[in-house]
Each structure stands twice: as C-alpha cells, then as structure tokens.
Amino acid sequence: MPVGTVGSVKGVYHRDLKEDIGAEIILGNTYHLYLRPGLDTLYKAGGLHRFESWDRPILTDSGGFQVFSLTGIRKLTREGCTFQSHIDGSRHTFTPENNVHTQRVIGADIMMALDECCPGDADHNYARKSLDLTKNWLERYAKSFRESDPLYDYQQTFFPIIQGCTYKDLRLEATEHALQFSELGIAIGGLAVGEETEVMYEMIETVCPQIPQDRARYLMGVGTPANILEAISRGIDMFDCVMPTRNGRNGMLFTWNGIMNMRNAKWEQDFSELDPSGTSFVDHTYTKAYLHHLFKSGEMFGAMLASEHNLAFYLDVVRQAREHIQAGDFLQWKDAVVKRITQRM
RNA sequence: GGGUGAGUACCAGAGUGGCCAAAUGGGGCAGACUGUAAAUCUGCUGGUUUUUACCUUCGGUGGUUCGAAUCCAUCCUCACCCA
C-alpha cells in the first residue's frame with residue numbers, strides 16, 4: 001500500500017459522477033493514508049480493487065465536522081442536522097440516509113458515517129446524549145448503506161466513528177457499538193477539539209486495544225507531525241488534517257529540524273535552501289529568504305510552496321514511520337525525532 | 001517679490017485648549033491555527049516600569065494659560081497660485 005494523498009476533491013466532481021451532487025457538498029482535501037505494514041493485504045482482500053491499482057483512493061467525510069464548526073447556524077435533532085448556508089442563508093439538512101446517498105453519488109472508496117462531533121470540554125451528561133445521537137445515526141447510516149448499492153462499478157466501504165468525548169466509559173461503549181458496523185476500518189472522532197493533547201492520547205490508548213488488528217484505525221482530524229507519530233505508536237493507521245495546508249498558507253513550515261514561521265524576520269537574509277532534508281522539489285529549488293519575501297509580500301505563491309512542502313513532509317513522516325515499524329525500531333526512532341520536529345527554528 | 005495652504009509617531013492620515021502617548025489604515029515585530037465558513041485571526045508597535053505610574057514627543061524658538069499637538073508671535077521647510 002503506497003502512502004498517498006487524495007488530491008483536493010473540493011468542488012471537483014468525480015469523473016464518473018452520475019448525478020449532480022450540488023454545491024453544498026463540502027469535502028476535506030488532505031487525507032494522509034498512512035497504513036501500517038500488514039494491512040496491505042487486507043485491502044486487497046476487502047474487495048476495494050481500486051486500492052490495488054490506484055494509490056489515491058477517495059475518502060469523503062460526512063459533513064459532521066462542518067456542522068460541529070457551524071455553531072450558531074445549526075440545529076441538531078434526532079432526525080439529523082439542519083444548518084444554514086453562510087453564503088445565502090439557505091437551509092440544508094443532513095440525515096444519515098441522505099448522507100449515504102451523497103457519498104454513494106460521489107463514489108468514495110471510503111465513506112464516513114454521519115456523527116456529532118462532541119466538543120472536547122463537554123460535561124458527561126452532554127457527552128452521553130451526544131453519543132446516543134451518534135449511535136442512532138450510525139445504526140441508520142449502516143442500514144441505509146446495506147440497503148443501497150454502489151452507483152459505479154466498484155465496491156465502497158464505510159467507516160463508523162467512535163465518539164464519547166474525553167470519558168473512558170463512553171469511549172469504550174462507543175467502540176463496542178461502532179465495531180458492530182465496522183467492515184474494514186473504524187474511525188476515532190471528536191479528538192483534538194479543545195481537550196489537552198495528553199487527554200487525546202489517553203483516549204486513543206483507551207480505544208485502540210479494543211479494535212481488532214485487522215481493522216484500519218483512522219484518527220480523524222489529527223494533527224501535528226508529532227501528534228501523528230504519537231498516535232501511530234498507540235496503534236493508529238490513518239490520518240487527515242488541514243494543518244499542512246492551512247498552517248502552510250499562514251507561513252508555518254514543518255521540517256525534520258523543527259518548525260519555521262516564514263514571516264519571521266530571521267529568514268530575510270537566509271539564502272540557504274528551504275529544507276535541506278525535504279523530499280519536495282520546492283525544498284531544493286527555493287530559499288528561505290525567497291519564501292520569507294513571498295509571505296511578506298502577500299504573494300499567493302508563498303502559500304502554494306509552503307503547502308507543497310508541508311504535504312511532502314507529512315507524507316515523508318508517515319513513510320518513514322512505516323519503514324521504522326518494518327525495521328523494528330519505531331519507538332526509539334519516534335522518541336528521537338519528536339523532540340526535533342517540535343522545536344522552533 | 002506677492003498670496004494661499006500645509007508641516008502629527010516608520011509611512012499615510014485623524015485630532016484643533018484638559019477624557020492625547022495621540023483615532024484609523026499601512027508597514028514592522030511576534031503568536032495562534034488539528035474530520036477546511038479559514039491566502040485567516042489575535043496581540044504588540046515613544047521610553048522606563050509587572051500594573052498603577054512617571055518621563056520625553058505632534059517642524060524650530062519664544063509666549064498666553066492652572067493646563068497647548070491644539071491659541072499667539074516669529075523663524076525654517078514644503079506645496080500650489082499670481083508676477
């Protein structure tokens with residue numbers, strides 16, 4: 001299984017799309033499909049034949065997180081969630097049922113269940129109710145999935161999402177429930193949403209041992225390169241995150257030697273190559289001073305180069321993680337590099 | 001030579017007797033960003049001090065006043081107009 005990214009599918013219709021999916025469909029654009037050694041054959045056996053021939057499978061999110069970030073213009077009910085477009089105020093509704101349909105239409109290889117992303121600082125009572133809603137939606141989603149067929153000539157699978165906020169009892173309950181609907185993989189959601197990083201790691205440690213080894217574990221929305229390595233050490237296989245592109249656009253570069261804020265004055269006269277240990281062509285084609293200049297000047301090209309670099313770096317991180325797992329020295333390697341990559345340059 | 005207008009912090013530009021260390025932009029310096037309403041947002045930007053506070057600033061000098069970036073006199077500089 002090659003490590004790869006799904007390119008941006010935001011606003012881009014699948015080449016075989018059979019229905020107009022409408023403009024309200026919002027999809028993330030940086031899925032980092034790191035997969036631990038040993039899972040490769042699983043995917044081939046799972047009937048997702050495109051995984052064999054195409055190293056860039058499509059993964060679509062349900063929109064559950066968008067709804068989470070829409071506080072103020074959303075309404076959650078048992079039926080689903082209604083929200084207003086920030087563009088024209090029009091109302092839209094996500095239900096587990098129409099969400100399955102949408103992701104069928106897009107033709108994602110991996111579809112994500114519709115869930116409620118519970119805030120990291122929610123109390124147990126709220127988290128309890130939130131989890132009940134997510135469980136109800138998951139059951140309906142699974143039913144709708146079973147009763148519908150792919151619209152294209154390949155199989156699709158969906159990942160249920162484990163919620164439960166920062167409460168171990170809820171996380172365990174959610175894991176047991178979600179596993180009933182897990183075919184090839186399962187996701188952990190509702191983390192990195194306000195809680196302490198250590199708490200996030202605790203939740204991963206709580207959940208992962210409950211998941212069978214042959215199931216891919218996808219940690220949604222995480223995170224920094226260090227977060228990713230720590231999560232891998234706790235059993236996670238897949239990630240996605242806006243961080244490489246968003247932070248890149250805002251001038252932050254992640255490298256093996258630490259984090260650079262390209263807007264900082266210290267780079268103004270630094271004509272060394274962008275990242276000597278980088279794997280992207282931009283790392284050896286442009287200088288730190290040039291990128292600094294682009295950001296200070298507000299040139300879009302700076303954001304483009306930074307995104308390119310960060311995506312390449314993220315992929316390098318997970319590729320090397322795989323190699324060290326295979327070599328048997330992952331933990332030792334991880335502890336050494338985490339120190340380096342988290343320092344400020 | 002005559003006339004009019006203007007000189008405010010790095011830049012532009014408000015302010016026209018006390019609530020002014022001086023609005024607002026820009027620039028500068030830093031920070032944030034984790035299933036993308038995000039090429040975004042936040043803070044600082046005369047000096048000393050942790051804050052209160054105090055000190056030095058609004059072209060120069062000298063006045064008026066309890067108090068001046070603001071009023072008066074004068075000088076300097078710039079812009080425009082007339083000759």
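Chain letters run A, B, ... following the sequence lines, proteins first and then strands; every chain starts at 1. Only heavy atoms go into these numbers, but all of them, side chains included; no hydrogens, no water, no symmetry mates.
- At a threshold of 4.0 angstrom between heavy atoms, the contacts of A/Asp115 include nucleobase atoms, whether or not backbone atoms are also involved.
- The minimum heavy-atom distance between A/Ser280 and A/Glu308, with the atom names listed, is OG-CG, 3.6 Å.
- No side-chain N or O of A/Thr134 forms a donor-acceptor pair with one of A/Gln163 less than 3.5 Å apart.
- Of the options A/Lys143, A/Arg104, A/Arg140, a salt bridge (charged side-chain N to carboxylate O under 4.0 Å, His left out) to A/Glu97 is made by A/Arg140 and by none of the others.
- Between A/Arg344 and B/rA32, a side-chain N or O to OP1/OP2 separation shorter than 4.0 Å is present.
- Both A/His292 and A/Leu114 lie near RNA chain B, and the one whose nearest nucleotide falls closer to the 5' end is A/His292.
- Rounded to a whole Å, the CZ atom of A/Arg263 is 12 Å from the P atom of B/rC41.
- B/rU70 sits 23 Å from B/rA79 when the C1' atoms are compared, rounded to a whole Å.
- Comparing B/rG35, B/rU34, B/rG28 against the side chain of A/Cys117 picks out B/rG35 as the nearest.
- Between A/Glu268 and A/Gly298, the residue anchored nearer the 5' end of RNA chain B, judged by the nucleotide with its closest heavy atom, is A/Glu268.
- Using a 4.0 Å heavy-atom criterion, one finds that A/Met252 contacts the bases of the nucleic acid, with or without backbone contacts as well.
- The aromatic rings of A/Tyr154 and A/Tyr152 lie parallel to each other, their planes meeting at an angle below 30°, with 60° marking the opposite boundary.
- Residue A/Lys296 places at least one side-chain N or O under 4.0 Å from the OP1 or OP2 atom of B/rC29.
- For the OP1/OP2 pair of B/rU34 and a distance below 4.0 Å, the side-chain nitrogens and oxygens of A/Arg246 include at least one atom meeting the criterion.
- Contacts of A/Gln163 with the nucleic acid, taken as non-hydrogen atoms under 4.0 Å apart, include base atoms.
- An OP1 or OP2 oxygen of B/rA32 is reached within less than 4.0 angstrom by no side-chain nitrogen or oxygen of A/Asn261.
- At the heavy-atom level, A/Gly190 lies under 4.0 Å from base atoms of the strands shown.
- The side chain of A/Val222 has B/rU34 as its nearest neighbour among B/rU34, B/rC33, B/rG35.
- Aromatic ring centres of A/Phe145 and A/Phe158 lie closer together than 6.0 Å.
- For the P atoms, the distance from B/rG13 to B/rG18 is 24 Å, rounded to whole Å.
- Taking the C1' atoms as reference points, B/rU48 lies 32 Å from B/rC41, given to the whole Å.
- Using a 4.0 Å cut-off, some side-chain N or O of A/Asn264 falls inside it from OP1 or OP2 of B/rA30.
- Closest approach to the A/Asn250 side chain among B/rA39, B/rG31, B/rG35 is made by B/rA39 (side chain taken as heavy atoms from C-beta onward).
- Using C1' as the reference atom, B/rC54 and B/rU4 are 43 Å apart when rounded to the nearest Å.
- Comparing the C1' positions of B/rG31 and B/rC55 gives an interatomic distance of 30 Å, to the nearest angstrom.
- Among the atoms of the strands shown, only primed sugar atoms or phosphate atoms (P, OP1, OP2) are found under 4.0 Å from some heavy atom of A/Ala265.
- One interatomic measurement links the two molecules: CZ of A/Phe65 to P of B/rC33, which rounds to 13 Å at whole-angstrom precision.
- Comparing the C1' positions of B/rG28 and B/rA12 gives an interatomic distance of 15 Å, to the nearest angstrom.
- Counting any heavy atom pair closer than 4.0 Å across all strands shown, A/Leu219 reaches no nucleic acid atom.
- Between A/Trp267 and A/His292, the ring center distance fails the sub-6.0 Å criterion.
- The same atom, P, is picked in B/rG3 and in B/rA69; the two are 30 Å apart, to the nearest Å.
- One interatomic measurement links the two molecules: CZ of A/Arg249 to P of B/rA32, which rounds to 17 Å at whole-angstrom precision.
- Side-chain N/O atoms of A/Glu299 and A/His293 include no donor and acceptor closer than 3.5 Å.
- If you measure from atom CG of A/Asn247 to atom P of B/rA32, you get 10 Å, rounded to the nearest angstrom.
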